[in-house]
Amino acid sequence: MAEPADGADDLLATRRRKLEALRASGVDPFPHEFDGVEPIEAVRAAHSGLAAGDETSVGHRVAGRLAARRGQGKMAFLDLVDRSGRLQLQARVDELGVDGMDRLLGLDLGDLIGVDGVAFMSRRGELSLRVQGFVLLAKSLRPPPEKHHGLTDVETRFRRRELDLMANQEARELFILRARVISAVRGFLDAEGFIEVETPVLQPLYGGAAARPFTTHHNALDREFYLRIATELYLKRLIVGGLERVYELGKDFRNEGVDSTHNPEFTMLEWYEAYADYLDVAERCERLVSTVASSIGYSGEFDLSPPWRRETLPEAIRTRTGIDIMEMHDRDSLAGAMSARGLSVPKDEGWPKLVDELVSKHVEPTLLEPTFLMDYPVELSPFAKRHRSVPGLVERFEAYVGGMEIANAFTELNDPDEQRRRFEEQRALAGAGDVEAQPYDEAFVEALEQGMPPTGGIGIGIDRLVMVLTGRRSIREVVLFPAMRD
RNA sequence: GCCGCCGUAGCUCAGUUGGCAGAGCAGCGGACUUUUAAUCCGAGGGUCGCAGGUUCGAAUCCUGCCGGCGGCACCA
């Protein structure tokens, strides 16, 4: 409430005052449109051959946010930023008049403006527009982040992503690249005969992954629903229905911990393909990732081109720890072998969890180059088909890059009676307190009883794929608005 | 959940042994017709995350809480 004058008022009040002054002088600070805008990138492309000092008579209309200002008085330079880049504007009093000059220089950094100007190459060799006319497109009532250091505070960058995007070009580029990844994924699958489908996010019963769900309530039906943890079971029902090749790209929700590779809601791609097995799926997976990578110009630390390394899970555990899980099929002998080698043994956990421990502690961190880890114990995989030649295993792989799981796939179990038995086993685990055990899904089993062709299916974590393709180490860097505490 | 580090102006950051709260950018007033983080002059701007405690005196030391990051645990 302090009175204006000089610096006694705060930054917001100053901007509000300017807003009111504009209105008082008949300027609409929030006009409705600005037609015919050219992306800054296109303006640059049109003048790539100019040399320092060259003038043109080519006019351009651009629009964006005012990002910097140099100079005052009779001539000044300003920087305008749009999605595609940054362009210097030159403001001259002999072009704009004293009044126009004052109005242009009276704008605040952060204001959105539209500009008509003529291209020229400055003495220092920077492409610029000599401003002939401009219009305020939206007044900014809050100060933008600092113009040199940008916005670096991690918490602010995530909570107020709009500030990150306006201040940091890398942030803009990253999310544009993410969009291109998703577009390339669709293009790849569409071209290979898959159709994109949408299945329920709100589900009466959840399933398809080992995870705890979020619950919500439907008022009119007066019943609980779950937010899906996977799309798997519905998609397989579409395979039963004869759609043959389907994929879904969308959010899954898992009510579990948050860390650098887990966000409670995340983007998952799943596809299912009739008459295929997990080897076919692996081949398509490595081809998809490699194709998407080259379509976005990936040049990171990994060689993503096919074929990826393949290693069986029992073999991977044996070479890392010397333990042969195929020879130790009861909990006690495996636990004994682990403690004999000085490895920590999770208490009160059964054989499957011990295997899981060995894989996540001793195998996964070593899988840096793209690798398919193949053939998992049946106990860990309630929806995967038994291995055609190795008892106790299923035809399943997880794909790893940089020590991080990016995909999980199997030859789908299509024997309804065995699926029923697997659900019974899950029910027993749930009874023993496993909060992630699969709930029994009778509708799914009945669908399998209609007859499902041999099918291969996969889930690929899109956020993690984007992490790999952009070299980011935290999932929060590739999700626009990651989950944060209040 | 446990451990460690961090939280100071709109933004980026200093702040010594516990002794008046600092700089740059941004903003405000002014000068400047080819700047590139423009420069120069002037005057402003603070819930030092929050709440307690110790002390003559706390941004600084102690406790608790909130938030962030990292690690562990959990988690396909």
Side-chain angles (χ1 to χ4, degrees), chain A residues 2 4-15 17-18 52-53 67-79 86 88-95 101 106 108-110 120-128 130 140-160 163 167 208-212 229-230 232 252 254-264 266 268 344 346 352-353 356-357 359-361 364 373 376 380-384 396-400 404-410 435-436 459 461 464 473-474 476 482 484-486:
Chain A
D6 15 57
D9 52 345
D10 74 352
L11 301 164
L12 274 55
T14 303
R15 285 172 180 250
R17 254 198 343 270
K18 290 186 180 182
R69 178 171 47 220
R70 295 176 288 282
Q72 288 278 335
K74 297 192 177 63
M75 200 194 62
F77 291 90
L78 307 95
D79 287 345
R86 176 181 287 245
Q88 175 166 277
L89 307 175
Q90 185 198 47
R92 305 173 61 115
V93 70
D94 57 8
E95 190 81 45
M101 196 73 177
D108 286 311
L109 298 191
F120 72 102
M121 192 65 91
S122 81
R123 205 191 267 174
R124 303 284 183 95
E126 174 150 351
L127 182 68
S128 310
R130 183 162 297 129
S140 170
L141 293 173
R142 291 179 181 275
E146 209 258 0
K147 65 178 179 178
H148 314 133
H149 302 90
L151 180 68
T152 63
D153 180 75
V154 175
E155 185 173 355
T156 309
R157 286 185 47 233
F158 295 162
R159 287 188 191 277
R160 305 214 43 211
L163 297 181
R212 301 171 72 170
I229 60 173
E232 173 157 357
D252 285 348
R254 297 185 185 177
N255 204 340
E256 53 199 27
V258 174
D259 63 27
S260 62
T261 57
H262 295 83
N263 198 57
F266 60 101
M268 178 75 100
S344 67
K353 290 281 185 185
D356 218 22
E357 163 90 3
V359 174
S360 54
K361 283 285 167 28
E364 291 179 9
L373 191 60
Y376 282 64
L380 293 172
S381 317
F383 299 106
R396 168 184 175 186
F397 70 79
E398 289 189 352
Y400 287 85
M404 177 172 67
E405 179 198 343
I406 62 163
N408 179 28
F410 17 94
V435 292
E436 296 187 343
R464 291 182 180 181
R473 295 203 180 130
S474 167
R476 293 182 285 270
M484 306 283 274
R485 288 179 201 273
D486 282 333

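Being a predicted model, the structure only gives us computed values, none of them experimental. We name chains A, B, ... by the order of the sequence lines, and we start the count at 1 in each one.
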Please tell me which of the listed nucleotides, [options], lies nearest to the side chain of [X]?
X        : options                : answer
A:Phe158 : B:rU34, B:rC69, B:rC75 : B:rC69
A:His149 : B:rA37, B:rU35, B:rU33 : B:rA37
A:Arg476 : B:rG27, B:rC69, B:rC75 : B:rC69

In whole Å, I'd like the distance from the [atom1] atom of [X] to the [atom2] atom of [N].
X        : N      : atom1 : atom2 : result
A:Lys74  : B:rU39 : NZ    : P     : 20 Å
A:Asp10  : B:rG46 : CG    : C1'   : 13 Å
A:His148 : B:rA23 : NE2   : P     : 18 Å
A:Glu155 : B:rG70 : CD    : P     : 12 Å
A:Glu146 : B:rA37 : CD    : C1'   : 8 Å
A:Arg157 : B:rU12 : CZ    : P     : 11 Å
A:Asp356 : B:rC75 : CG    : C1'   : 10 Å

Heavy atoms under 4.0 Å, any strand shown: does [X] hit a base, just sugar-phosphate, or nothing?
X        : answer
A:Arg159 : sugar-phosphate
A:Asp79  : nothing
A:Arg69  : sugar-phosphate
A:Asp153 : sugar-phosphate
A:Gly459 : nothing

Does a side-chain N or O from [X] land closer than 4.0 Å to OP1 or OP2 of [N], or not?
X        : N      : result
A:Arg70  : B:rU35 : no
A:Ser122 : B:rU34 : no
A:Lys147 : B:rA26 : yes
A:Arg124 : B:rU34 : no
A:Thr152 : B:rC13 : yes

Results of side-chain contact (heavy atoms from CB on, under 4.5 Å) for [X] - residues two or more places apart only:
X        : result
A:Pro264 : A:Phe214, A:Val258, A:Ala483
A:Arg159 : A:Glu155, A:Met484
A:Ala409 : A:Val281, A:Phe397, A:Ile458
A:Thr156 : A:Leu151, A:Asp153, A:Arg160, A:Leu163

Atom [atom1], compared across [N] and [M]: separation rounded to whole Å:
N      : M      : atom1 : answer
B:rC40 : B:rG52 : P     : 45 Å
B:rA58 : B:rG18 : C1'   : 6 Å
B:rU35 : B:rA43 : P     : 29 Å
B:rC13 : B:rC6  : C1'   : 14 Å
B:rG64 : B:rG46 : P     : 32 Å
B:rG70 : B:rC11 : C1'   : 25 Å
B:rU60 : B:rU17 : P     : 15 Å
B:rA37 : B:rA31 : P     : 25 Å

Should [N] form a Watson-Crick or G-U wobble pair with both distances under 3.5 Å, which nucleotide is its partner?
N      : value
B:rG1  : B:rC72
B:rU39 : B:rA31
B:rG24 : B:rC11
B:rC61 : B:rG53

Salt bridge or not between A:Arg70 and A:Asp79? Use side-chain N to carboxylate O under 4.0 Å.
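Here A:Arg70 pairs with A:Asp79 in a salt bridge, since their nearest N and O are under 4.0 Å apart.
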State, with a plain yes or no, whether a side-chain heavy atom of A:Arg92 is found less than 4.5 Å away from one of A:Arg130.
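They are in side-chain contact.
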4.5 Å side-chain heavy-atom contact, A:Arg396 and A:Leu380:
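Of all side-chain heavy-atom pairs linking A:Leu380 with A:Arg396, at least one is under 4.5 Å.
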Side-chain donor/acceptor contact of A:Gln90 with base of B:rU35 under 3.5 Å
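Checked by distance alone, the answer is no.
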Check the interface with nucleotides 71-74 of chain B: list each N/O to N/O pair with the protein under 3.5 Å, or write none.
residue : atom : partner  : partner atom : Å
B:rA73  : OP1  : A:Lys361 : NZ           : 3.2

Should the pair A:Arg254 and A:Phe266 be classed as cation-pi, given the thresholds of under 6.0 Å to the six-membered ring centre and 45° from the axis?
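No.
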Pairs under 3.5 angstrom, nitrogen or oxygen only, protein versus nucleotides 4-8 of chain B, please.
none

